[in-house]
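Note that these values count all heavy atoms, side chains included, but never hydrogens, waters or copies made by symmetry. Chain A is the first sequence line, chain B the second, and so forth, proteins listed ahead of strands; every chain is numbered from 1. Note that this is a predicted model, so its numbers are computed, not measured.
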Amino acid sequence: MNFIISMQAEARPLIDKFRLTKRNRPSPFPVFESKLHKVIISGIGRMQAAAATGFLIGEMKNMHGAIINLGISGHGEFPTGTPYLANRVFHPENKTIHYPPPVLNLPIARSALQTCDSPEMKYPQPIGYDMEAHAFCSTAYKGITRELVQVTKVVSDNPKDPLASFHPKIATTLISAQIESIAEIVEQLEHLSQELKLEPEVLDMIGQVKSVHHFSVTQSHQLEKLVRHAHALGFEIAELKSLLASSPNGKSLLSSLDQKLEPLRMLQ
Amino acid sequence: MIDTIYFEEQVTEHPQTLELFKRFPQATRIPCTHYKEIFNPSGQNFRIQKKKPALILAQNKGKLVHPVPATYGIGGKRNFYFSHMLNCLYDCRYCFLQGMYPSAHYLLFVNYEDFFKEIERTYQEANEQPSWFFSGYDCDSLALEKLTGFAKSALTFFARHPRAHLELRTKSVATRILEKSTPLPHVITAFSFTPQEISDVIERGVPSVSARIHAMQKLAEKGWPLGIRLDPVIECSDFTKRYESLIREIFLKVPSESIHSVSVGPFRLPEPFFKKMEKLYPQEPLFAGNFEKRGKSISYRREIESQRIQTCKDLLLQNISSEKLFLCHPNEE
């Protein structure tokens, strides 16, 4: 899972939970990562969020990875400590309104969220107020499947406990208290993300074949399609390997595989 | 069933909207200015959305009734379709909606009254000649009837307009509204079929073939004219045996005099739709079939297609007269 988080104080519970280590090599933003997770500390505000999200997308291998914008926010109605998923994200000066798709099955509150350029102290509506989400969505949607881009916030201030009395270190406590809910969001999004990725055995097989024979760009596409079809039609990997071993070159392999698949190309 | 309802601010007070809000009091309601803000953006994933579609309530202000291509129809000369709803309750792997729309959310146009006004205007243009209106193009006509109540409104309208013919096309067994209503000779309920073994693997959520035949029986007993649609015809092993068994089962239980029309159509998809669907479901055996590009469409190879359509035609003509059989010819340009 990938996270864009504005302050390190908000990220601390995740860094601990997922045992992330700080990246040593130079990077435009602080990055904490493990084999499975990555947290980028963007800094506060729309510009920072957009830049960090762009940086993250550049690091991702395909559009089917998931990203969460996590952090604290103000809210006009919810009590402090309430976690919620944003379902309508807008910025007063931007025509585009984002609607993060409702794909998660979790008993967690939903709310509209207004991204502001300075902290909102008056909470005029019963919605959330932050400083990054709109820019995060605007950038993330350019490279990532929309369903896999979600905004999760934990309420840090509201009309009863306004921002004036808030200390940034409280962010760690608030996020920490919701770490299990956040982990559930991560789990469900990871599951959806996995579903969209091509099956590992297909990717492995394509890789194996390409390491044995040379393929032109067109042949490469043909190969990928044939291996995909072979997998979909239940053609045994062992048989494919034996074809690979007996084919003198890429062209011959493509032709033999196509012939082998021919009688299987109908629903059983 | 519905957890999220997006609604255009302009339809907030529409009776249909209020009814749906009442029906789903727990659903999260999210206002929007125009449904396209939610339905149209690129980068949405139809496959993920299909797991839990939201409902979008909107008003369609554009053209509401469209002409049907000349090669389609069930005997009428003036054919039109309209779509009060986009997307379907069921998840059929061959369905072109997956390739056509960026979103799998149910988009319901609540201004039924405008659809009926335009249907009325359209059929009145033709003086005495009857006009056909097909409702199951972008959605199943009956599957979400409990939610939309559209068929109920349509039956009231068409009862007053006998020169306007209606086809309700469905794979559902939600036929209660028809069972409760007086049959109308100019309203055809057409049921789509593939053999049960095929339906099991590529028509997720669709009632069984026997349940659909039972629904047809009930409607036939009430006096409703019925249609049978074998469209698309799907290439499969034991093709003749499976389609023969399907057709036999239908005609064994549904009296042929209740059958208004039968149509048979080959599998065909515009190439960009096919490519999008293949990307959505790379492991789907259906898309690894024996296809070729013909004109702008992807279809089964011509020899397979001709053979399979002929087989269906032969099997059907053992049960109905040729006047009732219609073939859908895709445009191959």
Practice prompt. Write down the atom of A232(A), the atom of P282(B), and the distance for their closest heavy-atom approach.
Written response: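 Looking at all heavy atoms of both residues, the shortest contact is CB-O, 4.3 Å.
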
Discussion item. Testing the basics here: between P285(B) and L233(A), what is the closest heavy-atom pair and its distance to 0.1 Å?
Written reply: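 That would be O-CD2, 4.1 Å.
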
Item to complete: Check whether P100(A) gets within reach of chain B through its side chain, its backbone, both or neither, counting any heavy atom under 4.5 Å.
Response: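 The answer is the backbone of P100(A).
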
Response to the item:
Whatever's closer than 4.5 Å to a heavy atom in chain B on L148(A) counts as side chain

Option that, when pairs with chain B are counted at under 4.5 Å, heavy atom only, ranks first among [options]:
options	result
L192(A), L198(A), I97(A), L196(A)	L196(A)
L264(A), N105(A), V149(A)	N105(A)
K142(A), Q268(A), E147(A)	E147(A)

Worksheet item: Can you list the steps and then say if C236(B) with M266(A) is a side-chain contact (heavy atoms from CB on, under 4.5 Å)?
Response: CA-CA 5 Å; C236(B) 58; M266(A) 62 169 71; 5.6 Å; no

Could you tell me whether [X] atom [atom1] has more than 12 heavy atoms of other residues or ligands within 6.0 Å of it?
X	atom1	value
M47(A)	CE	no
K197(A)	NZ	yes
E303(B)	CD	yes
E187(A)	CD	no
K276(B)	NZ	yes
K52(B)	NZ	yes

Fill in: chain A contact via R301(B) - side chain, backbone, both or neither, heavy atoms under 4.5 Å
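R301(B) touches chain A through side-chain heavy atoms alone.
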
Worksheet entry | Structural part of Y300(B) lying under 4.5 Å from a heavy atom of chain A |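 For Y300(B), neither part sits under 4.5 Å from chain A.
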
Worksheet item: Run the side-chain contact (heavy atoms from CB on, under 4.5 Å) check on H229(A) and E278(B) step by step: do they pass?
Response: CA-CA 10 Å; H229(A) 282 184; E278(B) 229 187 341; 3.4 Å; yes

Considering only heavy atoms and a distance below 4.5 Å, find which of [options] pairs most often with chain A.
options	result
S42(B), G289(B), A288(B)	A288(B)
E197(B), R242(B), H105(B)	R242(B)
I198(B), I30(B), I202(B)	I30(B)

Worksheet item: Do NZ/NE/NH1/NH2 and the carboxylate oxygens of R228(A) and E284(B) come within less than 4.0 Å?
Response: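 No, no charged N to carboxylate O under 4.0 Å.
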
Practice prompt. For E235(B) and R265(A), run salt bridge (Lys or Arg N to Asp or Glu O under 4.0 Å): C-alpha distance rounded to whole Å, both residues' side-chain angles, the deciding distance at 0.1 Å, then the answer.
Written response: CA-CA 9 Å; E235(B) 162 71 335; R265(A) 289 184 182 278; over 6 Å; no

Discussion item. Is any side-chain heavy atom of L267(A) closer than 4.5 Å to one of I234(B)?
Written reply: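 Yes, side chains in contact.
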
Worksheet item: Are side-chain heavy atoms of Y99(A) and C32(B) found at a separation under 4.5 Å?
Response: yes

Item to complete: Any chance you could measure I38(B), atom CD1, to H98(A), atom NE2, to the nearest 0.5 Å?
Response: 13.0 Å

Fill in: side-chain contact (heavy atoms from CB on, under 4.5 Å) evaluation trace for R47(B) with E195(A)
CA-CA 10 Å; R47(B) 177 174 171 169; E195(A) 204 174 306; 3.6 Å; yes

Worksheet item: Taking R110(A) for the side chain and T28(B) for the main chain, is one N or O donor matched with an acceptor at less than 3.5 Å?
Response: no

